[in-house]
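One structure below.
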Amino acid sequence: MKTPVRVAITGGAGQISYSLIFRIAAGDMLGPDQPVILQLLEIPPAMDALKGVVMEINDCAFPLVQDIVATDDPDVAFAKADVALLVGARPRGKGMERADLLQANAEIFSVQGKALNDHASRDVKVLVVGNPANTNALIASANAPDLDPGQFTAMTRLDHNRALTQLAQKTGKHVTDIEGMIIWGNHSATQYPDIAHCKIDGKAAADLVDQNWYRSDFIPTVQKRGAAIIEARGASSAASAASAAIDHIHDWVLGSDGIVSMAIPSDGSYGIEPGVIYSYPVVCQNGGYEIVQGLDVDDFSREKMTATETELREERAAVENLL
Ligand code: NAD
Ligand code: LMR
């Protein structure tokens, strides 16, 4: 039997985790022959609810689950963690400004960054889902000086998957016929879903759709999909967010089938200055990821890529005290 992989999940009693944990336990993230130890973190008021989640995991009798840890102590939750999914975050409350939300979450992610630094596996792969995900990942990384910043990523795979389906539906194709989708920048309404390098069944996607649809319909639909889900469901996306988190870690660990989008520390590629966690086109293999280089960037794309970079720099400035 393979050595179990320790998977830490924060916000274990929340709605995303209610999908995420059960799919990880079933082998969807790390493979059907990979045992896991689930290390679930919550805040004290949610520990009873977390107890209920643990009861349900036990009631599934998953063959791959070797152990379950449920705790309100980040040091315990991240102990020897190989994968850390930072899902738990403070939601935006009444009258709360974006800066207040940034600050409240910044405190959570600085504590968790320190705990990862001190207790996680030296090779831990971290995915931040909790919003504002890119900047939360930056804070966690800044508080984990003994870990490589490249180990800290944020989730734009949900945006990537949303974009794939929008394009597939428009062109009457299947998502598996599309390659080269890219989400640039922040997981927010400034993100830039870019089809300039997309091929559908080998043909340039940009030649298959009307530019007006692309600019006035596709881009805003993907950018605002999170808000549309909240409007329709009365709650933010959960099962689709969990599915995207599984895709992100699955590909990082086991390799991607072509280009995927991951928010990672900018390294100067495509003119995005270092210092923010920016979504790039990457290819994953052998447990790592690499930015796809050499793609042409036209004026339209450059403007969009800069707008989302500017927002990330503003978010960074709002939490500078915690970096
Ligand atoms: P939720 O409110 O249902 O669950 C969040 C859980 O986190 C709660 O149970 C809460 O008690 C817990 N929590 C809060 N602070 C914590 C802390 N310091 N340590 C551990 N746990 C803590 O929310 P949800 O619907 O599961 O969403 C979680 C986050 O994911 C939100 O910030 C949401 O905006 C974000 N999100 C991101 C994406 C993305 O694509 N990146 C998509 C959907 C949702
Ligand atoms: C999403 O994209 O569904 C989430 O980030 C929720 C939100 O606030 O948009």
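One-based numbering, in listed order, for ligands and for the atoms of each.
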Assess Met155 for proximity to ligand 2: is some non-hydrogen atom of it under 4.0 Å away? no
The atoms of ligand 2 lying under 4.0 Å from a heavy atom of Ser237, numbered in the order shown, are 1 (C), 3 (O)
So is Asn131 in contact with ligand 2, going by heavy-atom distances below 4.0 Å? yes
Do His197 and Val292 come within less than 4.5 Å of each other through their side chains, counting heavy atoms only? no
NZ on Lys125 to CD1 on Ile249, rounded to 0.5 Å: 8.0 Å
Close residues, ligand 1: non-hydrogen atom nearer than 4.0 Å: Gly11, Ala13, Gly14, Gln15, Ile16, Leu41, Glu42, Ile43, Ala46, Val87, Gly88, Ala89, Ile108, Gln112, Val129, Gly130, Asn131, Met155, Leu158, His187, Ser236, Ser237, Ala241
Approximate separation, where rounding is to 0.5 Å, of Leu116 CG and Asp75 CG: 10.0 Å
Between Ala205 and Leu167, the two heavy atoms sitting closest are CB-CD2, 4.0 Å
For ligand 2, does Gln223 get within less than 4.0 Å through its side chain, its backbone, both, or neither, judged by non-hydrogen atoms? neither
Near Gly226 (heavy-atom distance under 4.0 Å), the atoms of ligand 2 are 1 (C), 2 (O), 3 (O), 9 (O)
Flag yes if Ile16 and Val36 sit in one hydrophobic cluster, no otherwise; membership is Ile, Leu, Val, Met, Phe, Trp, Tyr, and two members link when side-chain heavy atoms are under 4.5 Å apart. yes
For His187, the ligand 2 atoms whose distance to one of its heavy atoms is below 4.0 Å: 1 (C), 2 (O), 4 (C), 5 (O)
Atom indices of ligand 2, in the order listed, that fall short of 4.0 Å to a heavy atom of Arg162: 1 (C), 2 (O), 3 (O)
Answer with yes or no whether the side chains of Ser121 and Asp123 bring together a donor and an acceptor at under 3.5 Å. no
Determine whether more than 12 heavy atoms belonging to other residues, nucleotides or ligands lie under 6.0 Å from atom OH of Tyr18. no
Determine whether more than 12 heavy atoms belonging to other residues, nucleotides or ligands lie under 6.0 Å from atom CD of Glu56. yes
Enter the distance from His160:NE2 to Ile183:CD1 here, rounded to the nearest 0.5 Å. 7.0 Å
Measure the OH-CD1 distance between Tyr214 and Ile219 for me, rounded to the nearest 0.5 Å. 4.0 Å
What protein heavy atom sits nearest atom 7 (C) of ligand 2, and how far off is it? Ile230 CD1, 4.1 Å
